Amino acid sequence: MAIYDNEHLPKCVTNIIGIKDVLLAIDPEIQLLRDDISQLIKELYVKTTEKFIARWEKDFSLPYDSSLSLQQRRQRILNKLARKKTLNWKNLRLLIQNNLENPQIYIINDSGNYHFRIIVQDPNYEQMEKAVKTAKPAYLTFDIIVTEYFRRCGTFVCGTEPL
């Protein structure tokens, strides 16, 4: 989107002799400025930050871990943010889904025994397990079951009431 386009400026400005040349001259700088602003806006959000990830970790008192990828570092911050919310079934489901690459899940609640089961399809669930352990209340227990098979009978959570 060039600044010298007639649609962006009033007619009285575009009719000035030589203004198009001036606008053409400063347009690359304006475009670079727009790109810089877009990059800065991306850094304001945990899900898109790259350069300021260390700052986000510092703000949330998370130690630097060189073995983690950028996405895993972002997810640690998001998990810490999730702990500040009340853990209801909707937030639990979101927390689990955000920590899995293949977020097909099935949660079974056994509230009488203060226990729930998480059935997942993704065998790489370690990050999700840590997040759930940290976010859940101390009196709740849970199991993780990894399976390839999910029953489908009209809804994804077949056989139990939706959580």
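Just so we're clear, the structure is a prediction, and the values are computed from it rather than from any experiment.
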(message) Closer than 3.5 angstrom, by distance alone: can the side chain of T49 be matched with the main-chain N or O of Y45 as a donor-acceptor pair?
(response) no
(message) I118 vs M128, test: side chain to side chain contact (heavy atoms under 4.5 Å, CB included). Steps then yes/no.
(response) CA-CA 10 Å; I118 305 168; M128 181 268 300; 4.2 Å; yes
(request) Using only heavy-atom distances, determine whether the side chains of H115 and D143 contain a donor-acceptor pair under 3.5 Å. (result) yes
(request) Applying side chain to side chain contact (heavy atoms under 4.5 Å, CB included), run through Y114 and T141 and close with a yes or a no. (result) CA-CA 6 Å; Y114 300 101; T141 59; 5.8 Å; no
(message) Do V146 and L100 land in one hydrophobic cluster if side-chain heavy atoms of ILVMFWY residues count as linked below 4.5 Å?
(response) yes
(request) Report yes or no: does K80 contribute a side-chain atom to a donor-acceptor pair with the main-chain N or O of F60 at less than 3.5 Å? (result) yes
(message) Between the side chains of K51 and E43, is the shortest nitrogen-to-carboxylate-oxygen separation below 4.0 Å, so that they form an ion pair?
(response) no
(message) Working to the nearest 0.5 angstrom, can you tell me the gap between Q31 CD and D36 CG?
(response) 10.5 Å
(request) Could you check whether the rings of W89 and F116 sit parallel, tilted or perpendicular, using 30° and 60° as the cut-offs? (result) perpendicular
(message) Does any part of the side chain of E57, heavy atoms only, come nearer than 4.5 Å to the side chain of R76, both counted from C-beta?
(response) yes
(message) Side chains of Q104 and V120, heavy atoms from C-beta outward: is any pair under 4.5 Å?
(response) no
(message) To the nearest 0.5 Å, what is the distance between CD on Q72 and CD on E126?
(response) 10.0 Å
(request) Mark yes when over 12 heavy atoms from residues, nucleotides or ligands other than Q97 sit less than 6.0 Å from its CD; otherwise mark no. (result) yes
(message) With heavy-atom distances below 4.5 Å as the criterion, would you say the side chains of Y106 and R117 are in contact?
(response) no
(request) Kindly indicate whether the side chain of D59, heavy atoms from C-beta on, has any atom under 4.5 Å from the side chain of I77. (result) no
(request) For Y64 and K58, run side chain to side chain contact (heavy atoms under 4.5 Å, CB included): C-alpha distance rounded to whole Å, both residues' side-chain angles, the deciding distance at 0.1 Å, then the answer. (result) CA-CA 9 Å; Y64 171 72; K58 181 182 173 194; over 6 Å; no
(message) If hydrophobic clusters are built by linking Ile, Leu, Val, Met, Phe, Trp and Tyr wherever their side-chain heavy atoms come under 4.5 Å apart, do L23 and I16 end up in the same one?
(response) yes
(message) So, taking the atom named CZ in R73 and the one named CD1 in I53, what distance separates them when rounded to the nearest 0.5 Å?
(response) 5.5 Å
(request) Kindly determine whether I37 and I41 satisfy side chain to side chain contact (heavy atoms under 4.5 Å, CB included), including the steps that lead there. (result) CA-CA 6 Å; I37 290 171; I41 289 172; 3.9 Å; yes
(request) Kindly compute the distance separating CG (L140) from NZ (K133), expressed to the nearest 0.5 Å. (result) 14.0 Å
(message) Can you tell me how far apart CG (L81) and CG (L95) are? Round to the nearest 0.5 Å.
(response) 11.5 Å
(message) Can you tell me how far apart CG (N113) and CG (D110) are? Round to the nearest 0.5 Å.
(response) 4.0 Å
(request) State plainly whether one hydrophobic cluster holds both L94 and I107, where clusters connect Ile, Leu, Val, Met, Phe, Trp and Tyr through side-chain heavy atoms under 4.5 angstrom apart. (result) no
(request) Using distance alone, with no hydrogens and no angle criterion, decide if Q75 and N79 have a side-chain donor and acceptor under 3.5 Å apart. (result) yes
(message) Is there a path of hydrophobic side-chain contacts, each under 4.5 Å between heavy atoms, that joins L24 and I17?
(response) no
(request) Let me know which of N99, N98, V132 forms a side-chain contact (heavy atoms from CB on, under 4.5 Å) with Q127. (result) N99
(message) If you define the side chain from C-beta out and look only at heavy atoms, does anything of R74 sit under 4.5 Å from E50?
(response) yes
(message) Please check: side-chain N/O of E29 versus main-chain N/O of I26, any donor-acceptor pairing under 3.5 Å?
(response) no
(message) Is there a side-chain contact between R93 and I105 in this structure, where contact means two heavy atoms from C-beta onward sitting under 4.5 Å apart?
(response) yes
